[in-house]
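A short worksheet on the structure shown next.
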Amino acid sequence: MTNKLQKVVVLGSTGSLGMQTLKILEKYKKHFKIIGLSANTNIKILDEQAKKFKISSENIILASKLDSNSAKKALLKMVEEKGADIIINVLSGIAGIDPSIAALKAGKILLLGNKESLFAEGKKIMNLSKKNHAKIIPLDSEHNAIFEILKKYPEEKIKNIIIPCSGGPFLNKQKEYPNKITLKEALAHPKWKMGKKISIESATLINKGLEIIEAHYLFNLPLSKIITKIHPQCSIHGIVEFKDKFVAYFGKADMKEHLENALLSAANLPSLKRKIKEIDLRNFNLPPIPEHLTSGMKIILNVFGNYKSTPKKLKKFLQKEEKLIKDFLHDKIPFKKIISTLRKLK
């Protein structure tokens, strides 16, 4: 356990994950001090947060008020030079990649909630973590669940991991996404409350593909040992198969628990009691993902397989994917065009 007050920067503080993170940090005022915040467009919430946590104006960044190059420089300066011990990266999209790299180059503890970082720059990020003894703690519910299981069973060797998949809002459709899907339908995740971009990625299962790549890097596993199963109840957040047992992490469909786990790990504080237990897999209905839902996941895995040694091409793909989602959110394209366009990208 450490008695040192940990200085924290939260990148993406006005998003869904960012706001939940600040609530957890508030709970542990004796252990954490927030020294910097960033947001993209929500100046109202950012100003409220800065006032509440007494953060000076030079330590808050509203990216949309700057050109892209200046915003990037400001973010990297905040990560590298403001004296933080912990960088919490919950930025959405490719904007989060360079801050992840900067945090690890500077030897910071990185609480990572930006999937794009590992998809595009996983090898570099894991090498920097090792070289600079900079810890990466995952925030995604699935990866944090597996992280916590492995903490409880440090001597066991991983045979496989199982990443559960809710199936999203279209699980019970009988064929691939129909022509007329409204924004409301696409955003209506049956269990999780998330930001708009990740909700669309969840509805297309693009998100699940990104999670597989994350797990590949975080747990140093070949893709063949990362299994996805349908679990609409969302009560199991991750399963690790060891030589002679399966161990599952059970929880509510809520990120607060995982954010708290990550912060406690970052500060070397005692873990809280979580529902981590051995299970008989035969007692759970965990079928494969229905074929008609797998397009987004397969696209991600194929692109990664083709370009994993070419980060520029992976970033270019992410850029196009981000734009397609933005176009759908602004009613410029139909839902199914997200997948049909991504399929054609080389």
Would you please classify the geometry between the [Y] ring and the [X] ring as parallel, tilted or perpendicular, with 30° and 60° separating the classes?
X: Phe119; Y: Phe304; answer: tilted
X: Tyr28; Y: His31; answer: tilted
X: His237; Y: His258; answer: tilted

Are the side chain of [X] and the backbone of [Y] linked by a donor-acceptor contact shorter than 3.5 Å?
X: Lys65; Y: Ala71; answer: no
X: Asn114; Y: Leu91; answer: yes
X: Ser141; Y: Met255; answer: no
X: Thr294; Y: Met297; answer: no
X: Thr204; Y: Glu201; answer: yes
X: Ser129; Y: Ala134; answer: yes
X: Lys196; Y: Leu329; answer: no
X: Asn144; Y: Pro138; answer: yes
X: Asp140; Y: Glu142; answer: no
X: Lys225; Y: Lys159; answer: yes

I would like to know whether Ser13 and Thr21 meet side-chain contact (heavy atoms from CB on, under 4.5 Å); could you show each step before the answer?
CA-CA 8 Å; Ser13 66; Thr21 299; over 6 Å; no
Given Glu121, which of Lys308, Lys315, Lys115, Lys105 fulfils the salt bridge (Lys or Arg N to Asp or Glu O under 4.0 Å) condition?
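With Glu121 as partner, Lys308, Lys315, Lys115, Lys105 yield a single salt bridge (Lys or Arg N to Asp or Glu O under 4.0 Å), made by Lys315.
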Which heavy-atom pair separates [X] from [Y] by the least distance, and what is that distance?
X: Gly296; Y: Ile339; value: CA-CD1, 3.6 Å
X: Pro99; Y: Val79; value: O-CG1, 3.9 Å
X: Ala186; Y: Ala203; value: O-CB, 3.7 Å

Side-chain ion pair, [X] and [Y], N-O less than 4.0 Å:
X: Glu241; Y: Lys229; value: no
X: Asp327; Y: Lys337; value: no
X: Lys44; Y: Glu48; value: yes
X: Lys77; Y: Glu58; value: no
X: Glu260; Y: Lys256; value: no

Any side-chain donor near an acceptor of the partner, Ser265 and Lys151, under 3.5 Å
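Short answer, yes.
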Just by distance, with hydrogens left out, do Asn207 and Glu211 show a side-chain donor and acceptor under 3.5 Å apart?
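The answer is yes; a qualifying pair exists.
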ring-ring contact (aromatic ring centres under 6.0 Å, His included): which pairs involve residues 127-166, sequence neighbours left out?
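Qualifying pairs: Tyr153-Phe242.
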To the nearest 0.5 angstrom, please state how far the [atom1] atom of [X] sits from the [atom2] atom of [Y].
X: Glu214; Y: Ile226; atom1: CD; atom2: CD1; result: 10.5 Å
X: Ile325; Y: Ile206; atom1: CD1; atom2: CD1; result: 5.0 Å
X: His216; Y: Lys123; atom1: NE2; atom2: NZ; result: 10.0 Å
X: Leu324; Y: Ile333; atom1: CG; atom2: CD1; result: 5.0 Å
X: Leu110; Y: Ile87; atom1: CG; atom2: CD1; result: 8.0 Å

Criterion side-chain contact (heavy atoms from CB on, under 4.5 Å) on Glu26 and Phe53, from CA distance to verdict:
CA-CA 9 Å; Glu26 208 174 353; Phe53 294 102; 4.2 Å; yes
Return yes when atom CG of Asn220 has more than 12 non-hydrogen atoms of other residues, nucleotides or ligands closer than 6.0 Å, and no otherwise.
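Result for CG/Asn220: open.
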For Ser100, what residues pass the side chain to side chain donor-acceptor pair (under 3.5 Å) criterion, not counting sequence neighbours?
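Ser100 satisfies side chain to side chain donor-acceptor pair (under 3.5 Å) with Asn89, Ser117 only.
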Option among Ile162, Ile239, Ile236 that satisfies the side chain to side chain contact (heavy atoms under 4.5 Å, CB included) test with Phe284
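Result for side chain to side chain contact (heavy atoms under 4.5 Å, CB included) with Phe284: Ile236.
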Should Phe328 and Leu183 count as side-chain neighbours, where that means a heavy-atom distance under 4.5 Å?
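When only atoms from C-beta onward are counted, Leu183 and Phe328 do touch, with a gap below 4.5 Å.
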